[in-house]
Amino acid sequence: NAGVTQTPKFRVLKTGQSMTLLCAQDMNHEYMYWYRQDPGMGLRLIHYSVGEGTTAKGEVPDGYNVSRLKKQNFLLGLESAAPSQTSVYFCASSYSDVAKNIQYFGAGTRLSVL
Amino acid sequence: AQKVTQAQTEISVVEKEDVTLDCVYETRDTTYYLFWYKQPPSGELVFLIRRNSFDEQNEISGRYSWNFQKSTSSFNFTITASQVVDSAVYFCALSLLNSGYSTLTFGKGTMLLVSP
């Protein structure tokens, strides 16, 4: 019953530090996504991947990088964290059907950048 | 460009009251999908329903019902006889094809507080 697992659940960084958020799914999904959730803003797409080795930019990609070296994993990297990146980050995955796909979400990672 | 508007930021009701959460969307596409997700206090997002643009039938699932009206670009969600466990943030979302791949556009969410 794992579904989509995000690690870590919480993290505090200092400005300028780097870190990687890991997302793992065990549903053999082709599509994976990273979102950020900010108060009053809903969820906004950062990057997504439509298959192993492929990634694409979403609505708010600046300051983030991603990699999809294995089908089941999708990594989100912050090279030089900024206070504006304080947010809750969600990973999601879905089957390969376009448009009608249901995205399944992880429990989120709460990141604070001081 | 597509957009989803949830005009109600927060709604407070007393248990057993009925409540409707509004969702209005904008798109020029003729084929699209609409979704509702629930985010309880624990934080994870839980899928509730998906509706495609060609299916305007209302749907009922227990205490939950959804009213899709293409003429007004609305996909409203009603909870009948609300319970404390319904307290959560509810998101409406729209899915379109974008360069061959679908992405979800979320509304800003409506926080529902159900008090005993």
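In the text below, chain A, chain B and the rest are named by the order of the sequence lines, each starting its count at 1.
One hydrophobic cluster, built from ILVMFWY side chains closer than 4.5 Å, holds both B:V114 and B:L48.
Within 6.0 Å of atom CE in B:M111, 12 or fewer heavy atoms from other residues, nucleotides or ligands are found, so the atom counts as exposed in its surroundings. In the displayed structure, B:Q57 atom CD is contacted under 6.0 Å by at most 12 heavy atoms of other residues, nucleotides or ligands. Heavy atoms from other residues, nucleotides or ligands lying under 6.0 Å from CD of B:E15 number more than 12. No more than 12 heavy atoms of other residues, nucleotides or ligands lie within 6.0 Å of CD1 in B:I60, so this atom counts as exposed by the packing criterion. When the shell of 6.0 Å around NZ of A:K57 is examined, it contains 12 or fewer heavy atoms from other residues, nucleotides or ligands.
Chain A forms more heavy-atom pairs under 4.5 Å with one residue of B:A93, B:G43, B:S42 than with any other, namely B:G43. With respect to chain B, the highest number of heavy-atom pairs below 4.5 Å among A:G58, A:P39, A:G108, A:G40 belongs to A:G40. For the options A:R110, A:Q37, A:R44, heavy-atom pairs under 4.5 Å to chain B are most numerous at A:Q37.
Residue contact with chain A, scored on non-hydrogen atoms closer than 4.5 Å, involves the side chain of B:Q39 exclusively. Heavy atoms closer than 4.5 Å to chain B are found in both the backbone and the side chain of A:L43. Heavy atoms of A:Q6 lying under 4.5 Å from chain B are absent altogether.
Taking OH of B:Y37 as the start and CZ of A:F105 as the end, the distance is 5.0 Å to the nearest 0.5 Å. Taken from OH in A:Y35 to CG in B:L104, the straight-line distance is 4.5 Å, to the nearest 0.5 Å. Atoms CD and OG1, from A:E59 and B:T105 in turn, are 7.5 Å apart once rounded to the nearest 0.5 Å.
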Query raised in the report: Where do A:I102 and B:Y33 land on the side-chain contact (heavy atoms from CB on, under 4.5 Å) test, with the steps shown first?
Result: CA-CA 10 Å; A:I102 297 169; B:Y33 289 80; over 6 Å; no

